[in-house]
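Quick notes on the structure that follows.
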Amino acid sequence: MPRVVVTGMGAETALGHGVSAFWEGALLGRSAIRPVTRFETRRFHARGAALIDRERAGDGAELETLFARDAADEALAPCPDFGGGRAGIAVGTTLAGNGALTEWLASRPAGGGAPPRGEAGALSRELAERHGARGPVSTVSVACASGAAAVGLGAEWIREGLATRVLAGGADAISPFVFSGFDALRALSTSAARPFDVARDGLTLGDGAGFLLLEEEDRACRRGAVILARVTGYGSGSDAHHMTRPDPEGRGLRRAVETALVQAGRVSSDVDFVSAHGTGTTFNDAMEEAALARVLGAKARLVPVNGIKGAIGHTLGAAGALEAVLSVLVLAHQRVPPTAGHTRSRPDSPLRIVSGTPLSPEKPIAVALSTSSAFGGTNAALILERA
Amino acid sequence: MRPVLLVSSALAAEGGSGAPEDLNRLRRMDRFGRTGFLAGMRAFSGAGDSRSQGTDPRGGVIVGTRHGCRPAITEHATRLAAAARVEDLAPSVFASTVHNSVNGELAMALGLGGVSETIISGRSAGLEALILGARRVAADAADRVLVVAAEGVDDAMREAWTEERSALGPRAAGVELVETGAAVLLQAAKMEDHIRFVEGCLFFEPDARRAGLRFLEWMKGIEAQAGGNALPATVSLCVPDYEDFLEGEERRGDPPRIERFGAAGLYEIARDVAARRVHAAGEQPLNSPSKKIHLYVTRDTTGAVAAVALEFLA
């Protein structure tokens, strides 16, 4: 079965344009969370988000499309001949197209013209057109696990011989639609997300797009590509518990992680780093602590954990993809960024949250686990390994 | 890879009702949720499976849809447009604005704790979900997967379809949008008198003629494997380039006059399976009893193609 390697990456986050800005900001423990100016927040309890300072393009493309285009261009830069019948595109998104629909509905009483025909699934096809991909092209939408699921799907296409190269990732942009919804659920922090912190009080939303260029290893080696990491495992699991509240014992996430480990041919003691979902809500972080403590066992207190949402906010459909990008960077640089917003874990936390300054671990980081959890009870896990 | 069998199928029509124990659950769903949930529940019970008391980690749900939770999105957006403060919104409506809402509801109702994935790749989403579900079972990532394709249609979607249909040109004139839910249950266990998933095909090709050539090449490979025992493809193509896509394919028949978006391909399969069951029960003859391999294809107006070959056993 072909092995899957990462040969390119792209990131658009509120920390800045490109993977370098993302990594430098993460290492510094910077938070890009600011008061929202893109739309009016007076109706809401929360005021902050990690938004990318960007306006819609002249061609009417939505913000998430612009973020996706930029991140995809960066990821594909090392592979100028990407395209053709063996090239695939897998995109995860939760919100694409919602902005246009919301605006149309708001303007309808005043004669808002024709309803938008756009759909969330159009994002992958837009990228396929842009980059000439004629293999499998798909959009995955499992709420906040969408990005991880897209990366997992893309890796599987290569393993199963459906494609030799896949651009895989996710994108979303924050609008009043999603901001109001999370605020109505009282899930937003009134200050800023503090993943796994004892005083955490909710999540903060963020714009983002993250993409990885996945390739069949032999083919990547033949063209002399720089191999950044390997994608060795993907798992999906359902809580079967509640639509918005996570299972307190994290059973769905555990199943996803265990499936990913089996696919990678690894055991839990092999995991050297965790890029956690870490939204900063009371329930999610407690669930994740429970799940990881159970999966990692006694090693849980030793494995460094980062929650990047304290820096870039919860980027929804992009989150799992950006956290995969972060995992590759950690594997490549052998440094773990601090969790922005985190100062102190609760006393009985079973996890080793990296806080304050970057960590250069005592033993090499060879295996990274990236976790995602979502509304609908969907969980996803990726295993990435050092090249 | 393990053989994958399609052991049950079901359709959910507009206005269908569920079991009494599901009424509260159905009440909180939007039209997409209800349509997909009802189809999924019927396919599950049609296989003779009962609801699990615990959670089955080897059972999963995979959904395909074009517009997914758009009815809930429309409702939340409408409320937001009128809201003076956040308290005017309904958190439960926002909670339904995820395209994997059907996955979550079915997983909870049936105790399916395994794979959970939702594909939203336009008209090809339903067959793509079926291909993904079959891969999950074949690769031993699950023992049974409930595959659901659904589109819930509200007034805003009908309005949008009217606009879209106009843009598609004269060949789409009169094509009606119909709310559809279809589901099949895939299993790995060896059983007789069921339907085997043979192969899936997935690609993107905006040019209709080139897409047609790729599809026909795949179809000929399947026909060769079947030794002339394959039925003509059942085509779910409400697209203006229908004739271009199937140029040279003499058996193409007439284009469908009903638009089911992402539920189209799985609808055709569930319908054929139901017909076969009626035939097996001796109630009426099957129109095409002699051919074992059935082919299904969907193509989105943008170029995404998904095709599936099923073998009707015994």
Side-chain angles (χ1 to χ4, degrees), chain A residues 43-45 85 89 93-94 98 101-102 105-106 114-117 119-122 124-125 128-129 133-143 149 153 156 160 162 176-177 180-186 235-244 251-252 255 259 263 374-379, chain B residues 55 57 60-61 66-68 70 73-74 76-78 80-81 83-87 89-91 94-101 103-105 107-108 110-122 125 128 132 135 141 156 159-160 163-164 167 202-206 214 300 302-304:
Chain A
R43 288 183 288 176
F44 311 128
H45 301 102
I89 306 270
T93 186
T94 68
N98 282 13
L101 182 65
T102 306
L105 287 164
R117 294 201 303 268
E119 58 191 75
S124 60
R125 301 191 294 266
E129 285 274 31
R134 296 293 180 264
V137 171
S138 187
T139 308
V140 186
S141 192
V142 280
L153 182 64
E156 285 180 1
E160 292 167 11
L162 300 175
F177 179 93
S180 65
F182 277 105
D183 202 52
L185 286 166
R186 295 289 191 275
S236 164
S238 179
D239 284 351
H241 172 73
H242 193 271
M243 284 302 286
T244 54
R251 284 170 290 205
R255 282 190 284 274
T259 303
Q263 190 178 83
F375 277 10
T378 299
N379 300 273
Chain B
T55 301
V61 183
R66 182 191 190 203
H67 285 299
R70 190 158 164 162
I73 291 169
T74 299
H76 179 74
T78 304
L80 177 62
R85 53 198 192 117
V86 76
E87 286 75 12
L89 301 174
F94 180 69
S96 294
T97 63
V98 287
H99 296 304
N100 60 327
S101 59
N103 302 62
E105 297 289 2
M108 284 189 284
L110 299 171
L112 300 175
V115 296
S116 174
E117 290 165 297
T118 304
I119 302 292
I120 55 167
S121 307
E128 195 183 332
L132 183 57
R135 285 213 313 267
E159 204 175 329
E163 290 287 331
E164 182 177 356
L202 201 61
F203 64 87
F204 180 81
E205 178 51 73
R214 284 181 74 172
D300 195 80
T302 58

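Worth knowing before you read on, the calculation uses all heavy atoms, side chains too, and leaves out hydrogens, waters and symmetry mates. Each chain gets a letter, A, B and so on, in the order the sequences are listed, and its residues count up from 1.
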Task: chain B contacts, top residue of Val137(A), Leu162(A), Thr94(A) (heavy-atom pairs, under 4.5 Å) - done: Val137(A)
- [ ] First locate atom CG of Asn103(B), then atom CE of Met243(A), and finally report the distance between them rounded to the nearest 0.5 Å.
- [x] 8.5 Å
Task: Beyond-backbone contact of Ser238(A) with Leu112(B), side-chain heavy atoms, under 4.5 angstrom - done: no
TODO: Pick whichever of Pro136(A), Ala374(A), Ala149(A) has the most heavy-atom pairs under 4.5 Å with chain B.
DONE: Pro136(A)
Task: For chain A, the option from Glu117(B), Met108(B), Arg85(B) that forms the most heavy-atom pairs under 4.5 Å - done: Met108(B)
- [ ] Return the minimal non-hydrogen interatomic distance between Val142(A) and Thr118(B), and the atom names on each side.
- [x] CG1-N, 3.4 Å
Task: Side-chain heavy-atom pair Val86(B), His45(A) within 4.5 angstrom cut-off - done: yes
Task: Between Gly122(B), Pro206(B), Ala304(B), the one whose heavy-atom pairs under 4.5 Å with chain A are most numerous - done: Pro206(B)
TODO: Among the options Gly85(A), Gly181(A), Gly121(A), pick out the one with the most heavy-atom pairs lying under 4.5 Å from chain B.
DONE: Gly181(A)
Task: Portion of Arg255(A) that has a non-hydrogen atom of chain B nearer than 4.5 angstrom - done: side chain
Open item on the list: My understanding is that only residues two or more places apart in sequence, or in another chain, count here; which of them pass salt bridge (charged side-chain N to carboxylate O under 4.0 Å, His left out) with Glu156(A)?
Closed with: Arg136(B)
- [ ] Could you look at Ala133(A) and say if it's the side chain, the backbone, both or neither that has a heavy atom under 4.5 Å from chain B?
- [x] backbone
Task: Under 4.5 Å from a heavy atom of chain B, the part of Gln263(A) involved - done: neither
Task: Residue part contacting chain A, namely of Leu89(B), when any heavy atom lies under 4.5 Å - done: side chain
Open item on the list: Please classify the contact of Glu87(B) with chain A as side chain, backbone, both or neither, using a heavy-atom distance under 4.5 Å.
Closed with: side chain
Open item on the list: With chain A as the partner, which of Val115(B), Val61(B), Ile73(B) has the greatest number of non-hydrogen pairs under 4.5 Å?
Closed with: Ile73(B)
Open item on the list: Less than 4.5 Å to any heavy atom of chain A: does that hold for the side chain of Thr55(B), its backbone, both, or neither?
Closed with: side chain
Open item on the list: Is Thr259(A) in contact with chain B via its backbone, its side chain, both, or neither, using a 4.5 Å heavy-atom distance?
Closed with: neither
Open item on the list: Could you check whether Ser236(A) and Ser116(B), counting side-chain N and O atoms only, form a donor-acceptor pair closer than 3.5 Å?
Closed with: no
- [ ] Answer whether the closest heavy-atom distance between the side chains of Thr244(A) and Phe94(B) falls below 4.5 Å.
- [x] no
Open item on the list: Taking every non-hydrogen pair under 4.5 Å, which of Gly60(B), Ala77(B), Ala90(B), Ala141(B) racks up the most with chain A?
Closed with: Ala77(B)
Open item on the list: Arg214(B): which residues meet the salt bridge (charged side-chain N to carboxylate O under 4.0 Å, His left out) condition with it, sequence neighbours left out?
Closed with: none
Task: Residue Ala83(B) versus chain A: region with a heavy atom under 4.5 Å - done: both
Open item on the list: For Ser124(A), which atoms come within 4.5 Å of any heavy atom of chain B: side chain, backbone, both, or neither?
Closed with: neither
Open item on the list: Is Thr74(B) in contact with chain A via its backbone, its side chain, both, or neither, using a 4.5 Å heavy-atom distance?
Closed with: both
TODO: Between chain B and each of Gly237(A), Gly376(A), Ser180(A), Pro176(A), count heavy-atom pairs under 4.5 Å; write down the option with the most.
DONE: Ser180(A)
Open item on the list: If you define the side chain from C-beta out and look only at heavy atoms, does anything of Ile89(A) sit under 4.5 Å from Phe204(B)?
Closed with: no
Task: Side chain / backbone / both / neither for Leu110(B) at chain A, heavy atoms under 4.5 Å - done: neither
Open item on the list: Given heavy-atom pairs under 4.5 angstrom as the criterion, report whether the side chain, backbone, both or neither of Glu128(B) touches chain A.
Closed with: side chain
TODO: Answer yes or no: is there a side-chain heavy-atom contact under 4.5 Å between Thr302(B) and Glu119(A)?
DONE: no
- [ ] Sort Val98(B) into side chain, backbone, both or neither according to what part of it lies under 4.5 angstrom from a heavy atom of chain A.
- [x] side chain
Open item on the list: Taking side chain as everything from C-beta outward and backbone as N, CA, C, O, which of these in Arg251(A) sits under 4.5 Å from a heavy atom of chain B? Side chain, backbone, both or neither.
Closed with: neither
Task: Pairwise distance NE2(His99(B)) to OG1(Thr139(A)) - rounded to 0.5 angstrom - done: 9.5 Å
Task: Among the listed options Ala81(B), Ala107(B), Ser121(B), the residue most often paired with chain A at heavy-atom distances under 4.5 Å - done: Ser121(B)
